[in-house]
Amino acid sequence: MTRETATRALAGELSARAFGLAWLPGALLDAVARDTGAPGRADSLAAFAASVPVDLAFVAAGESYASDAVAALQAADVAAVWAVDGVLSRVSRAVGWVEALRMTVAEPEHLTARLDTARAEVLVDVGRGIACGADAVLVADELAGASGPLVAPDFVLATLMPHYHRVSNTVRQEGLPLIFHSDGDTRAFMPALAAGGFTGVHLASLDAERFVECATTARSAGLVVLGGIGVQDLAAIGSRRAGERGARAALAVGGVIVSDDGGASAERELPALAAAIEAARSVIVRDAGPRA
C-alpha cells in the first residue's frame, strides 16, 4: 500500500493497480479500536486500512475526527479521500428526500436559493479538506438507482452540474483528483462529469453486469473507476467470490481501483471485506503480472 500508488491510479495510470476502502461508520471504527487498541476513530480507520491493506481510504468530512483521520492515514502511507456531501444531499436533509425529488420535477425554481446555499457549504467543507492536506476529494449525491436515474437527467445536467463544476474549479486549482459518488446507474451523467473536471467515479449498489457496463462508460469518458466489491455480496456469495468478481471486472475494463461500495454496517463485515480485497489482489497479481 502506498499513497503514491493511489495518486498515480487516481491520475489514470493503468499500471498503478490500487485498492481502496470506502466509508466505515463510527460504530465499526469503534469495533476496530477495541480490537487494536487504537485511541480513537481516526487511528482506527488508519489501523484497519493498513491491515487490509489498501492504498486509499475515504474520510467522511462531516465527522469530528476527519482532519485527524487524514493525518493518521497518511502516516500509515494510505491516501486520504476527503468525502463531502453534495448539494442535493444537503437540500434533501433539510426538506426530506421525497420532497427534494418532487421539487426537482415540479418546482425546480424553488430550489435555486437552497442549492446556492448548499454549494457554499460544500465549498467550505472542500476547503477544510484541502487545508488539512487530503490527497483527493469526493462529492457524494445520490442521483440514480440500479436501473437508471432517480433525478431527471435534464435537471442534473442543467441545474446540478453547474454547482458541481464550481466545486471542481476549486479542487482543480489545487491539483487534486475529484471523484463523484452516487449509487446506481449514472451513465447518463458521466460525460458531463468528465467535461466538468471530475477525474473519477465511485460506483455502488450495482450487480456485476451493470457494474461492468457503468465502468466501461466511465472509462470511455476518461474517468477512473472506484468500486467492484458490493458489501451485500460478502454474505450472499462469500468474500473470496466477491473479491474475485471485482478483480475480473477491473481486469476486463481497466482503470478500476478495486474497492467496496461503502455499504459496510456490521462488525462481521470487516474481516469479510478485508478477505474480499485480498482475494481481488491475488487475482489481479496472478492474471495481470507484476506491477509496472
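The side-chain heavy atoms of Leu21 and Leu45, taken from C-beta on, include a pair separated by under 4.5 Å. Contact check for Val225 versus Phe211: side-chain heavy atoms found under the 4.5 Å cut-off. Put simply, the side chain of Arg245 reaches to within 4.5 Å of the side chain of Ile237, judged on heavy atoms. By the 4.5 Å heavy-atom criterion applied to side chains, Leu24 and Phe48 are counted as neighbours. A 4.5 Å side-chain heavy-atom check between Asp135 and Val70 finds every atom pair outside the cut-off. Residues Met161 and Val156 meet the side-chain proximity criterion, which asks for heavy atoms closer than 4.5 Å. Put simply, the side chain of Glu278 reaches to within 4.5 Å of the side chain of Ser282, judged on heavy atoms. Proximity of Trp82 to Ile130: side-chain heavy atoms (C-beta onward) are nowhere separated by under 4.5 Å.
Heavy atoms of other residues, nucleotides or ligands lying less than 6.0 angstrom from CZ of Arg93 number more than 12. Within a 6.0 Å radius of CD in Glu209, no more than 12 heavy atoms belonging to other residues, nucleotides or ligands are found.
Note that CG of Leu150 is 11.0 Å distant from OG1 of Thr186, once rounded to the nearest 0.5 Å. Rounded to the nearest 0.5 angstrom, Met103 CE and Glu109 CD are separated by 8.0 Å. The structure places CG of Leu234 at 7.5 Å from CD1 of Ile229, a figure rounded to the nearest 0.5 Å.
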Would you give me the side-chain donor-acceptor pairs under 3.5 Å for residues 189-205, sequence neighbours excluded?
| unit_1 | atom_1 | unit_2 | atom_2 | d |
| --- | --- | --- | --- | --- |
| Thr199 | OG1 | Leu178 | N | 2.9 |
| Thr199 | OG1 | Leu178 | O | 3.1 |
| His202 | ND1 | His181 | ND1 | 3.0 |
| His202 | NE2 | Asp260 | O | 2.9 |
| Ser205 | OG | Asp183 | OD2 | 3.4 |

Acceptor/donor pairs from residues 113-123 side chains to any protein atom, 3.5 angstrom cut, sequence neighbours excluded:
| unit_1 | atom_1 | unit_2 | atom_2 | d |
| --- | --- | --- | --- | --- |
| Thr117 | OG1 | Ala113 | O | 3.1 |
| Arg119 | NH1 | His163 | ND1 | 3.1 |

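Ala66 approaches Ala60 most closely through the heavy-atom pair CB-O, 3.5 Å. What you find for Ala247 and Ile284 is that their closest heavy atoms are CB-CG1, 3.8 Å. Residue Ala275 comes nearest to Ser239 through the heavy atom pair CB-CB, 3.8 Å, listed as atom of the first residue, atom of the second, then distance. Contact detail for Ala50 and Ala76: the closest heavy-atom pair is CB-CB, 4.3 Å. Minimum interatomic distance between Thr5 and Ala18 (heavy atoms only, all atoms of both residues): CG2-CB, 4.1 Å. Heavy-atom minimum distance, Leu206 versus Gly184: CD2-C, 3.5 Å.
Not one N or O on the side chain of Ser92 forms a donor-acceptor pair closer than 3.5 Å with the backbone of Trp97. A donor-acceptor pair under 3.5 Å is formed between the side chain of Asp55 and the backbone N or O of Thr2. Panel note: side chain Ser259, backbone Gly227; a donor-acceptor pair is recorded below 3.5 Å. For Asp77 (side chain) and Arg3 (main-chain N/O), a donor-acceptor pair under 3.5 Å exists by modelled atom type.
Neither Leu176 nor Val124 shares a network with the other; the hydrophobic side chains, linked directly or stepwise wherever heavy atoms of I, L, V, M, F, W or Y lie under 4.5 Å apart, form separate groups for each. Linking Ile, Leu, Val, Met, Phe, Trp and Tyr whenever their side-chain heavy atoms come within less than 4.5 Å puts Leu111 and Leu157 in one cluster.
In this structure, Glu269 has no side chain to side chain donor-acceptor pair (under 3.5 Å) partners at least two apart in sequence or on a different chain. Taking the salt bridge (Lys or Arg N to Asp or Glu O under 4.0 Å) definition, one finds that Glu107 meets it with Arg102, sequence neighbours left out. Applying the salt bridge (Lys or Arg N to Asp or Glu O under 4.0 Å) criterion to Glu244, with sequence neighbours excluded, gives Arg240. For the side chain to side chain donor-acceptor pair (under 3.5 Å) test, residues two or more places apart in sequence or in another chain that qualify with Glu213 are Arg210. Residues that satisfy the side chain to side chain donor-acceptor pair (under 3.5 Å) test with Asp261, not counting sequence neighbours, are absent from this structure. Applying the side chain to side chain donor-acceptor pair (under 3.5 Å) criterion to Arg128, with sequence neighbours excluded, gives Asp125.
A side chain to side chain donor-acceptor pair (under 3.5 Å) check over residues 60-69, counting only residues at least two apart or in different chains, returns nothing. Screening residues 171-180 for side chain to side chain donor-acceptor pair (under 3.5 Å) gives Ser168-Arg172, Asn169-Arg172 as the qualifying pairs, with residues at least two apart or on separate chains. Residue pairs meeting the side chain to side chain donor-acceptor pair (under 3.5 Å) criterion with at least one partner in residues 27-49, sequence neighbours excluded, are Asp30-Arg41, Arg34-Glu267.
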Open item on the list: Before you tell me yes or no, could you show the steps for Leu251 and Val283 under side chain to side chain contact (heavy atoms under 4.5 Å, CB included), namely the whole-Å CA-CA distance, both residues' side-chain angles and the distance that decides it to 0.1 Å?
Closed with: CA-CA 9 Å; Leu251 292 169; Val283 170; 4.2 Å; yes
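In summary, the side chains of Asp141 and Ser89 do present a donor paired with an acceptor at a separation below 3.5 Å, with no hydrogens or angles considered.
In the hydrophobic clustering, Val224 connects to Leu10, Trp23, Leu56, Phe58, Val81, Leu138, Ile179, Leu226, Ile257, either directly or through intervening members, whenever side-chain heavy atoms lie under 4.5 Å apart.
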